[in-house]
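Each remark here refers to the structure printed beneath this line.
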Amino acid sequence: MNTQDFSLSRRTLLQTTGALVIAFNAGGVGTALAQAAGAVKPPLHPTEMDSWIAIAPDGSVTIFFGKIDGGQGTDVAIAQIVAEEMDISVSRINVIMGDTALTCNQGGASGSTGVAQGGAALRQAGAEARRMLVERAAIAWGVAPERLSVNDGVITIAGDPRSMTCAALIGGKYFNDKIAWNNQYGNALGLTAKAKPKTPDQYRVVGTSAPRADVRGKVFAYRPYVTDIKVEGMLHGRMIRPENASSVPVAVDEASIRHIPGAQVVHKNDFLGVVAPKEWDAIRAARDLKVTWSAPVDVFPGDAGIYDHLRASTVTKRQVTTDKGAVEAAFAGAARIVEAEYEWPYQSHASMAGGCAIADVRGDRATVWTGTQKPHYAAEGAAAILKLPLENVHGIWVQGPGSYGRNDAGDALMDACVLSQTLGRPVRVQYMRHEGTGWDPKGPPSVHKARAALDAAGNMIALEFTSRGMSRNDTDTNESEPKDTLAGQLLGMTGERLVNFGSPEGAYEFPVARIAWETVPTLLAKASPLRTTHLRDPIGPQVHFGSESFMDEVAEAAGVDPIEFRLKFITRPRDVAALKAVAEKAGWKPGPAGTRRGRRGDIVTGQGVAYASRGGTIVAMIAEVEVNMRTGQVYARKFTVAQDCGLVINPGTMRTVIEGNVVQGLSRTLHEEVKFDRRGVKSVDWLTYPILDITEAPETVDIVLLDHPEIPPTGAGEATIRILAAAVSNAVFEATGKRIRRGPLTPERVRGALA
Amino acid sequence: MPRYTLQVDGRAEQVDADADMPLLYALRDNLGLHNPHFGCGLAQCGACTVHLDGEPTRSCVTPMGAVGTRQVTTLAGLGTEEKPHPVQAAYVEEAVPQCGYCINGWIMTAAAFLKKTPKPTDAEIREAMTGLKCRCGTHMAILRAIKRAAAMG
């Protein structure tokens, strides 16, 4: 399988991949034009088969995928799914992703839906493509379609020597045929084939570890990133951010950068940026520009005060997501009540580099290149801030420097748009490190209050769990509105903010429980460096740090093995199987708290478990940690993960996705906390926002994939990360006997708990 | 503005630049190379790493005036698909990168390290790679790949 290669010109690319010659107006939206045969490509619309799949004269197949893959292998999974349905080798498949002129909006990378929803649509398209091909061959030969079979793109007739390739049948031509669509765009976009997709027992390609397409281009440095895109006449832009979050520029001394060749200031309302033809000059200009800022105001409680702030704030929205049985009565009659509160900080996407985008705005048309994971929505946002019709804006996704939710890619795109439109030149914006960490929209901080009622025999008879945090999508996640970006807000664009948090998916079946969430007002409504939004598994790690730590605390109070305790409230057989599988693989020693504790000098060891489900995917984990009693340093030596996401499309990429979740999750658990004082964010680089170092990487990540081919696949991109903090925290408790209820588990914090 | 002759991946290249401009911008902006990458500009992450006479160097903080006649080797000059460096071959085998933006740091550092320490222990590999950043969390695959490369060499 291959993905688009930007070292080719776009025209060459399309000629080679799909035999569809598509001409682009200067910087504008693709207009499908006649190809050799004189046919016209049907408009890009979900009901058109040609919007999904193209077969080239050489027999290669191009898939037009409306999500993107940022290096986790979603695209190879999609290629495998379509290869399976079309009976074609996966090596013949190209996947085009995230180009708004070539793909329908399937929501981008979002909510671990790449395979679960994106793949489901493409499975139907693949099955329908095969049906259409077989039907056409059957008509050509005058035989019943039931007699035909397809093998790697060659159609044959049972008991008949004739054969025909799919390439000969349709290569370079359009299907000009329809497929049923559910009238929804985004993640929910669904297709229904007349053909019946294969059943899992027929799978030959799905379930194999087909290689990823992007690896070689990254390893041999020929696959460009969005940061590498160059447009003729392009200027380099940099934004000027205040040290104090509330400050706005009141005076700008343009003469202060007059010594820098070609440097210019763009100052509109509170939007302030510089451009220069050379990148280093733009950086110098941003550094040297003299700005008078408005007097700073104390707008934040400071990182140390954030939890008290959350507790003291007025709740703007509360939702009870589970309310079962007589909760108050159970607590009133309890023999014992266990209570605890857990706290989780703001965390940054802290991508490998700050956001980058290139905008080429020419008159009433624009082309934008973005590393965002939701390019279709980002193009809508670009159109909105440029005040251009959406059809005049062409969005092109190119791999960016990492994306785990809504990072700063969308902000960079808006900035580039404003600069390009103002100056009438293409502009590339790349954020500096301090912006990538200091100014990206953040994962929300939260407090989680838990209490459990136990009867005289130690049975948990009721549970109450309330999460309170900043909104998970105060900055909306899909980038389609300028109001959700720094540029939009600095230019005075306002609008309704979303106010949501959330509760854990109902993995357990508690007989008596009340589970709720509450949100409190965001800090600093305009252009805040502490805006909150989706960061990988949006509220999962913080909620489960609370809920799964608390399950351990109640198990301890009840004197019961933590896995056995959880199993009392789990009835679904797949969930039970996942917990049993992880226990067996990890060599879990059954027994109450303290059973799995060890000591060698200053080092104490322990195992901890956690479990959850996410979007139908079930995950159970056992962490083995070493804690240095003297330094407070936690080393997570080993993780064992059991995951059941139904059908596994590609076990190889599944394992590396889980490993990435483990390491990133461990980083967030041990290190990550955005530091800020009353006026601004102080986490601005890798020293002030440390992440996991390779010397701290686990020795072992053991993975058990509980494959259920008969169950449609659910997502795996985020499930593991939600329980990691709790598994580690529970292991630290097992090792030390001390419960740490505030993340991250830094040496200072652990030391403090041990003192 | 001074003119520098840079030896980049075996080619002599002319670059007009101020002496304090970091080498990174000569490679990316003046010469139009796709790598190394800008990550932090602070020598904290490694995404900009090149070899200067075989030594891994953070090009984001290396002024043009300090490069001299040293040979600059980028990831693209380390090996090719046809003739990969063992670390690159191992990276492909292990399918290491996710976003891959950090890749210059890891591969260039590992290549220089294995040259000096061809048969490293696991602990030596970790120590040699300390400080490099990977935000996708591909550390487990990185460690496998470096071990695999050591076994090849």
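Everything quoted here is computed from the prediction, not taken from an experiment. The sequence lines fix the lettering, A, B, ..., with proteins before strands; numbering per chain opens at 1.
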Atom group of [X] that falls short of 4.5 Å from chain B, counting heavy atoms:
{"X": "A:Pro690", "result": "neither"}
{"X": "A:His349", "result": "backbone"}
{"X": "A:Thr656", "result": "both"}
{"X": "A:Leu687", "result": "both"}
{"X": "A:Leu692", "result": "backbone"}
{"X": "A:Glu435", "result": "neither"}
{"X": "A:Arg655", "result": "neither"}
{"X": "A:Thr700", "result": "backbone"}

| message | Taking atom NZ as the centre, does B:Lys119 end up with more than 12 heavy-atom neighbours from other residues, nucleotides or ligands that are less than 6.0 angstrom away? | response | yes
| Which atoms of B:Leu132 come close to chain A, meaning under 4.5 Å heavy atom to heavy atom: side chain ones, backbone ones, both, or neither? | backbone
| message | So for B:Pro36, is it side chain, backbone, both, or neither that comes closer than 4.5 Å to the heavy atoms of chain A? | response | neither
| task | For B:Tyr101 and A:Gln399, run side chain to side chain donor-acceptor pair (under 3.5 Å): C-alpha distance rounded to whole Å, both residues' side-chain angles, the deciding distance at 0.1 Å, then the answer. | result | CA-CA 9 Å; B:Tyr101 196 85; A:Gln399 174 76 62; over 6 Å; no
| request: Take B:Arg144 and A:Glu659 through the side chain to side chain contact (heavy atoms under 4.5 Å, CB included) test and state the conclusion after the steps. | output: CA-CA 12 Å; B:Arg144 283 196 295 271; A:Glu659 285 181 350; 2.8 Å; yes
Looking only at heavy atoms, which two atoms of [X] and [Y] are closest? And how far apart?
{"X": "B:Met140", "Y": "A:Ala697", "result": "SD-CB, 4.4 Å"}
{"X": "B:Arg126", "Y": "A:Glu699", "result": "NH2-CA, 3.7 Å"}
{"X": "A:Ile694", "Y": "B:His139", "result": "CA-CD2, 3.7 Å"}
{"X": "B:Ala47", "Y": "A:Met352", "result": "CB-CE, 4.2 Å"}
{"X": "A:Ala221", "Y": "B:Asn35", "result": "CB-ND2, 3.2 Å"}
{"X": "B:Tyr25", "Y": "A:Trp280", "result": "CE1-CE3, 3.5 Å"}

Interface residue of largest heavy-atom contact number with chain B, from [options], under 4.5 Å:
{"options": "A:Lys278, A:Met432, A:Gln664", "value": "A:Lys278"}
{"options": "A:Val663, A:Val662, A:Val219, A:Val215", "value": "A:Val219"}
{"options": "A:Cys356, A:Ala350, A:Gly400", "value": "A:Ala350"}

Student check: side-chain heavy atoms of [X] and [Y] closer than 4.5 Å:
{"X": "A:Arg216", "Y": "B:Gln88", "answer": "no"}
{"X": "B:Arg28", "Y": "A:Thr227", "answer": "yes"}
{"X": "B:Met129", "Y": "A:Thr695", "answer": "no"}

With rounding to the nearest 0.5 angstrom, report the [atom1] to [atom2] distance, [X] to [Y].
{"X": "A:Phe220", "Y": "B:Ile107", "atom1": "CZ", "atom2": "CD1", "answer": "8.0 Å"}
{"X": "A:Arg433", "Y": "B:Cys60", "atom1": "CZ", "atom2": "SG", "answer": "11.5 Å"}
{"X": "B:Asp18", "Y": "A:Arg284", "atom1": "CG", "atom2": "CZ", "answer": "5.5 Å"}
{"X": "A:Glu279", "Y": "B:Phe38", "atom1": "CD", "atom2": "CZ", "answer": "8.0 Å"}

Looking only at atom types and distance, does a side-chain atom of [X] sit under 3.5 Å from a main-chain N or O of [Y], one as donor and one as acceptor?
{"X": "A:Tyr225", "Y": "B:Cys99", "result": "yes"}
{"X": "B:Arg135", "Y": "A:Ser403", "result": "no"}
{"X": "A:Asp693", "Y": "B:Thr130", "result": "no"}

| note | Answer key: most heavy-atom pairs under 4.5 Å with chain A among B:Glu81, B:His85, B:Met21 is B:Glu81
| Most chain A-contacting option - heavy-atom pairs closer than 4.5 Å, from B:Gly32, B:Ala76, B:Pro97 | B:Pro97
| message | Go through it in stages, so that I can follow the logic: the residues are B:His34 and A:Tyr222, the test is ring-ring contact (aromatic ring centres under 6.0 Å, His included), and I'd like the CA-CA distance, side-chain angles, deciding distance and then a yes or no. | response | CA-CA 7 Å; B:His34 278 161; A:Tyr222 60 76; 9.7 Å; no
